Every structure is written in C-alpha cells, then in structure tokens.
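Accompanying notes for the structure given below.
Quick caveat: nothing in here was measured; it's all calculated off a predicted structure. Order of the sequence lines fixes the chain letters, A, B, ..., with proteins taken first and strands second; residue numbering starts at 1 for each chain.
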Number of protein chains: 2
Amino acid sequence: MQSKLTKSKDKARTAFAGSESAVTLESVAKAAGVSPSTVSRILNGTAKVSEDKVRAVNAAVAKLGFLPNPVARSLARGRSMSIGVVSQAIDSPFYGEALASIEKGLLRASYTPMFASGHWREEDERRCIDHLLSRRVDGIILITSCLPDTWLLSLAKRVPLVLTGRKVASPRVICLDFDHVPGARLAVDYLIGQGHKRIAFLGGPTGHPDAVQRYEGYRAALESHRLTFSSRLVAVGDYTYSGGFQAMQQLLTSKVDFSAVFAANDESAQGALLALHRQGLRVPQDISLVGFDDLPSSAYTIPPLTTVHRSTDQIGEAAADAMINLIEGRPATPKHSSPTLAIRESTRPWR
Amino acid sequence: MQSKLTKSKDKARTAFAGSESAVTLESVAKAAGVSPSTVSRILNGTAKVSEDKVRAVNAAVAKLGFLPNPVARSLARGRSMSIGVVSQAIDSPFYGEALASIEKGLLRASYTPMFASGHWREEDERRCIDHLLSRRVDGIILITSCLPDTWLLSLAKRVPLVLTGRKVASPRVICLDFDHVPGARLAVDYLIGQGHKRIAFLGGPTGHPDAVQRYEGYRAALESHRLTFSSRLVAVGDYTYSGGFQAMQQLLTSKVDFSAVFAANDESAQGALLALHRQGLRVPQDISLVGFDDLPSSAYTIPPLTTVHRSTDQIGEAAADAMINLIEGRPATPKHSSPTLAIRESTRPWR
DNA sequence: CCCGAGTATGAAAGCGCTTTCCAGACCGTA
DNA sequence: TACGGTCTGGAAAGCGCTTTCATACTCGGG
C-alpha cells in the first residue's frame, strides 16, 4: 500500500531523473542525520558503517530519489568512467555491430562508451583521439587504427589502449586478434576443397591492416595447397560496394581465367555480385564467390553469400572486457572464438 | 601488506590519469604570473583582460600544453557539453548514417555525442535515457523514440529534446519531420504513374511511428488516385531482411494479385527481393519493387533497387543544429530537404 | 581500572574550473 | 585637487563528490 505507492512514484522520478534537480549527497546526509562522508561510504561500500545508519541513508536516498552526480564523482576520483571507442566509420555495417556489442559490454560494467569516427584518415583519427583525451576518457579502444605503431605506443603512455588488428607490445596495451588470417584461410581452403584452382582475390584498400592480413591468409592458403599465386588474379577494392564492383569489372575485362573469387569483405563481394550479374555470369554456376564478415544483408543477397563469419558480439564484448580489465589492473586474457564459414549459395564445386 | 596495498592502488591511479598532463589552470596561472581567474577569463573570453596578460597566458598555455579539464569545467558550469543521442540500433544501416552526421554536426559546435541504443524496447530506451541523464547531458536527441508522448513531454521538463517522427508541442522540444509520409507517397505515386494498379505494401512493425507514417503515405497515394485499398495487399514486416522475406512469402502464398510492391524500408525490400527470386518471380519483369531509405547497399542489389532517398547528412546535421540552438536559446528553424526517388532497375511500367 | 589497539563517524581538504565580489588603478570633470 | 565612475584582476566561494585525517568510543588484556 504505502510502500507500493512510494515505490512506483520513485520509479517514475528516477525515470526522469527529475528527482535530482537539487538532491545532492549533502541533502541526503542531512535528511538521514549523518555526515556526507558517511553517505559516500555507504554508497560506495568503502567502509563499514553501522546498520542503522545504512538504513537511514538508504531510506533518505530512496525518498529523495538521489542520483549521484557522475561529473562531480569523476572530478573527485580522477576517473571519468567513460571510455573512448574510435572506429573508422560508425555507419559501417560490420563495425556497427561490433560497436553495439562494445556498448553492451561497457555498459554492463557501468562504463559509458564515447564513440568517434576516424574515417580512415590519420588526421581525423588523431583529432578524435585528442578529443577523447581532452574528455578524460579512462581508456581508448581503437578498432583497426590506421596510426603508426610508434604513435600508438606513445599514446599508451597517456591512456590504456585496446586495439585490434595489430600487435604493439606494451603493458598498457591489449591487442585483440580479429582472426583475419585464419578467416581468409578458411574461405580459400574451402574453395580449394571444392576443387577450385584459379581463385581470384578481391582485396581491400592497400595499407589497411585488416586488408593486408586477409591477403596474407589468401596467399597462405594457396601456398599450403601448392597452388601458384598470380598477381593477375588480384584486384584491389576499397571495402565498399562500388570498390568491389569496379575491382570485379577490372578482373573481368582483364580476361584472366578464374572459377572462384574470394572477396576481402562482404561489401566488396556484394558489389562484385552485381558486376558479375551485369556480365551475364551466374553465381555460383559460372563463378563461386566467398565474402568476409557475414553482414546481416549477406544472407539475403541473390544468391545468398557464402562468407566468413565471426561473432561480432564476442569480439565487441572481448574488447570491452579487455579494456575494463586493463583499467582495473586485472589480468586480461582476451579469449576469442574462431571464425567459421557460413556456407550459403554463392559457391559450388568446380565443374 | 599495508604498503603493498597502497602501492597497488597508487599504480592503479597512475594507470588512469596519473601519467597524464598534470598541467592545470592554476599552473598556467603561475607560469604566466597571473591569477587563475584571469586565465579562466582569457580562455573563455568572459571579460576584458589587458593585452600583455593575454599574451603571457597564451604563451604559458602553449608552452605547458594546457588542456582544460572538461570534467571540472562541467561541474563548475553545470553543463556537460555533451548531448545524448539515442537511436534504436547503432548498427542499423540507415540510422548509422544519420548518427554519423549527427556526430559531425555536434562536434562542429564542440559538443560531444553520447550514443545509446534502445533496441526498439521501451524499457531499454527508458533505461538508456536515464543513463544519459545521470551523465548530465545537456540535451537528448531521440531518433524515432518508441516512448509515449506524455512521457517525452515530462522528460522535456528535465532536458531539451529533439525528436524525430512525431509531434510533441513544448517549447523545449523540437520535432524533426523525417518526411515519411511524403516519401511514401512519392514511391507509390511513381508506381501508379507507371501504370500499376495493384500495389502491395510491405510494412514495418506495427506501432512503430515511422512505419505508421509510411503506411499513411501509401494509403494517401492510393486514395488520391482513386485506387481501392485492400488489406489483403498489406503484409507486416519488421524492417529487417528476414521480416521482409517472410512478409513477401506470406503475400505470395496468399495468392493476392499484385504487380508492384512498396516496401517500407530497404532492408525489407531486400528480403522481399530474395523471396521473389526464390519463387521464380523476376524483378522488375514480373513484379516491380520500391524501397525506402536508399541504403548504400541498395544500389548494388540484383537488380539495383528503386527507393526513396533522403539526405541523411542533412537530417543528422539538422538534428544536431536544432539541438544546439535549443540549448543556447536561439530560435531553431529546422530546414529540411524533400525526399527524392532514386530510380533504378527494380521497377518498370506495368505490362 | 588503565592503556593501547581498533573502529565507526565527522570535519575538512581537495579535484580543476567558473564566477561573484571587491579592491585598487585610472579616467574625466568640476 | 578632489570625487564619482569605469576597468582590471585577485581572492575566495562554490560545483558535488571522495578521501584523508582526527576524534570520540569500544573493547580486551595486564
């Protein structure tokens, strides 16, 4: 009854945080008849406080709908409880998913993510890192940075770092392997297993670390099956639809012979799909195609795309966990699951 | 033991903030031989200060590499210079683009966006609004909220709001029209202009404000051309690929007759595309299909999708500008550009 | 019954910046 | 020369919280 009423009201207040226009820790202290320090101690569990005071304070907190001011808290503690997440494009389909899972992981530990995008430009990336730093983030997660290692190393002196797609040795840095090499191998091995011998590679932007690793995986797979590599079978895209489209066209006009294509990401693959279609080539009857990333849309292309799948959920949460462990001084053991191949309808055995 | 504890704690602090520039406004003041207040005044331009002191301070700032601590600043000013942006899914292709442009617009005015996702669930959305509020954002941009108007109205009492896809009358709220109705009309008008008479509608989730408006546009277009509406021509999707796929299948198995389909968003349309393909129906020869949103991928579907295009850049920046104007008390005049139809290859005249 | 070891709690000192308040310098005018 | 007014810039009081330091107070052993 009474309690029920109070409860629902409280909930509403909290919901709007309307409660706190002026409710401070001090007012709670006054209401509870204790000192601010005691309230703080109770709220943070930083010291033992007698049962009755705890009750009094909790009651006051509930009654006033007190919500600690994180800004003041940050200032006092010297930590902002927010961590910067810089990716290259917040609106990229693949990274979008990863960001969503980072958000989830961070929030769970009550850190707030601050997203920023580097747009594949060193300068932009540097600028937004500066911005995050000025906002006093407690750590930065860099999703496939394009900055040089040395720069990152010195950045690590200012703030703990989690980064993907590269190895930088520092106690304040955790590197997450995104399995580009084994993923690419998986794809190409599969094609080879299907009897394909002449497999083209539709690469990502040169210099882009991910792209380089996927290329390496492609070459490694060929090599381990003793298939000769030919640079004529390689076309450079830029990870976009249009890049994939153009690269495919180029491959087609160059008259090289191939029966399968491994595209370094799904966006390229989808562009390639259209280019093939325009040439009257059927997938998979004439050409087999494998992508990388398993975008949500890739299950709905025509035909549905066979592609390398990684659990973005796990990736993102691993990144978030790694960061939190790093910050809180716990040992960080980024575990990760291996990539798998989502076999759909864009591939078939050769001949 | 005791010492060990202290030490590890110390280390932890260093890890967070310790190593970074301990250069504060006060140290700048000292270096420049003036008082902190003067430095603050110069930095913020809040009062007139003599030329020589300005020079001295600027020199000191440059020399020490002083970067004001935004946390302290927020606490003192009572404003955080950050604004909350809640969308339903940070990883949705369409909203992703909008978020990117909001980020740009906000950053330009040196506000920081704080993104959060509601996942189309009232509860989640409420929770993340709470979170943003507790972080003391200066305003909140809600991209197609699913919360009731009354709730938003009372939220507006706490914090200025910019919201899309609905009308809520309040001086502290700016509503941005995302042109769902005219956009949908555009699409359907086009199909009608092409001679189609039986046009199916592949809707979004019921109750979703955007979806409702797009549906309205569909009906309005039919009506204005005196085409009779039939509920049998309407299938409900959920804005996802698979939803579109299923809805299309349902439409197909229901044996209604139609020559064209208007899908309420591109993801649905792409799902529908596959469903049609599976049935051996060709687009556009057998069925014309129009989408909505013009996702980057939509130019690369097979066939490339005719779809309603809106300038996400402008939308996002308009939202950002509106928010900033609202906060800074300037009159906000959200201007917007009309949607256009990107005519590609998924449509053709009837018969 | 007293003394030292704990312990629960309050007072107060920050965290780094903004802003109010006030004193002194400087100007013009009578 | 004196007086009101205008400026400039320093001192200091916050912003709301954490944390150290100090102070009563409890308890058990000698």
Side-chain angles (χ1 to χ4, degrees), chain A residues 17 19-57 60-61 64-81 133-136 138, chain B residues 1-2 5-6 9-10 12-14 16-18 20-57 60-61 64-81 133-136 138:
Chain A
S19 40
E20 98 282 38
S21 18
V23 183
T24 71
L25 180 145
E26 198 182 338
S27 58
V28 170
K30 205 159 293 174
V34 300
S35 77
S37 358
T38 303
V39 178
S40 173
R41 282 191 268 255
I42 292 173
L43 259 37
N44 299 298
T46 40
K48 205 166 189 181
V49 174
S50 71
E51 256 309 309
D52 50 340
K53 305 217 173 200
V54 171
R55 262 197 306 278
V57 167
V61 165
L64 301 176
F66 172 67
L67 219 55
N69 180 329
V71 177
R73 183 174 274 186
S74 295
L75 183 60
R77 295 215 266 236
R79 326 204 277 133
S80 65
M81 294 304 279
L133 245 24
S134 82
R135 285 270 169 180
R136 298 303 198 269
D138 295 334
Chain B
M1 177 83 189
Q2 175 62 18
L5 199 79
T6 321
K9 197 165 155 198
D10 260 358
R13 293 193 72 169
T14 320
F16 307 138
E20 84 187 30
S21 48
V23 34
T24 72
L25 180 144
E26 198 182 336
S27 57
V28 171
K30 206 160 291 172
V34 300
S35 78
S37 1
T38 302
V39 178
S40 172
R41 282 192 268 254
I42 292 173
L43 259 37
N44 299 297
T46 39
K48 206 165 187 185
V49 174
S50 70
E51 256 309 312
D52 52 338
K53 305 217 173 198
V54 171
R55 262 196 305 278
V57 167
V61 165
L64 302 176
F66 172 67
L67 223 53
N69 180 329
V71 177
R73 182 173 276 187
S74 295
L75 183 59
R77 294 215 267 236
R79 324 201 289 138
S80 64
M81 293 304 281
L133 245 23
S134 83
R135 285 270 171 179
R136 298 304 198 271
D138 296 334

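When the C1' atom of D/dC17 is taken as reference, atom CG of A/L25 falls 6 Å away, rounded to whole Å. At whole-Å resolution of the value, NZ in A/K48 and P in C/dT7 are 8 Å apart.
OP1 or OP2 of D/dT18 has at least one side-chain nitrogen or oxygen of A/N44 nearer than 4.0 Å. For B/K53, a side-chain nitrogen or oxygen approaches OP1 or OP2 of D/dG10 to under 4.0 Å. Between C/dG16 and B/R73, no contact under 4.0 Å exists linking OP1 or OP2 to a side-chain N or O. Here A/T24 does not reach the OP1 or OP2 of D/dG16: none of its side-chain N or O atoms lies under 4.0 Å away. At the phosphate of C/dT9, OP1 or OP2 sits under 4.0 Å from a side-chain N or O atom of A/S50.
Within 4.0 Å of B/P70, counting heavy atoms only, lies no atom of the nucleic acid at all. Using a 4.0 Å heavy-atom criterion, one finds that B/S40 contacts the bases of the nucleic acid, with or without backbone contacts as well. Within 4.0 Å (heavy atoms only), A/S37 reaches at least one base atom of the nucleic acid. Contact annotation for B/V39: no contact, since no heavy-atom pair falls under 4.0 Å across all strands. Backbone-only contact: B/V49 has heavy atoms under 4.0 Å from sugar-phosphate atoms and none from a base.
Here the closest heavy-atom approach between residue B/V57 and residue B/V34 is recorded as CG2-CG2, 3.8 Å. Closest non-hydrogen pair, B/F66 versus B/T24, comes out as CE1-C, 3.4 Å. Scanning all heavy atoms of the two residues, the minimum distance from B/R136 to A/N69 falls at NH2-CB, 3.6 Å.
Evaluation of atom-type donor-acceptor distances gives a pair under 3.5 Å for the side chain of B/R41 against the base of D/dG10.
Residue B/L75 is the one, among B/L75 and B/T38, whose nearest nucleotide of DNA chain C lies closer to the 5' end (criterion: closest heavy atom).
Listed by chain and number, the residues in a side chain to side chain donor-acceptor pair (under 3.5 Å) with B/R135 are A/T112 (sequence neighbours excluded).
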* To do: Let me see the working for A/I42 and A/V61 under side-chain contact (heavy atoms from CB on, under 4.5 Å), right down to the final yes or no.
  => CA-CA 11 Å; A/I42 292 173; A/V61 165; over 6 Å; no
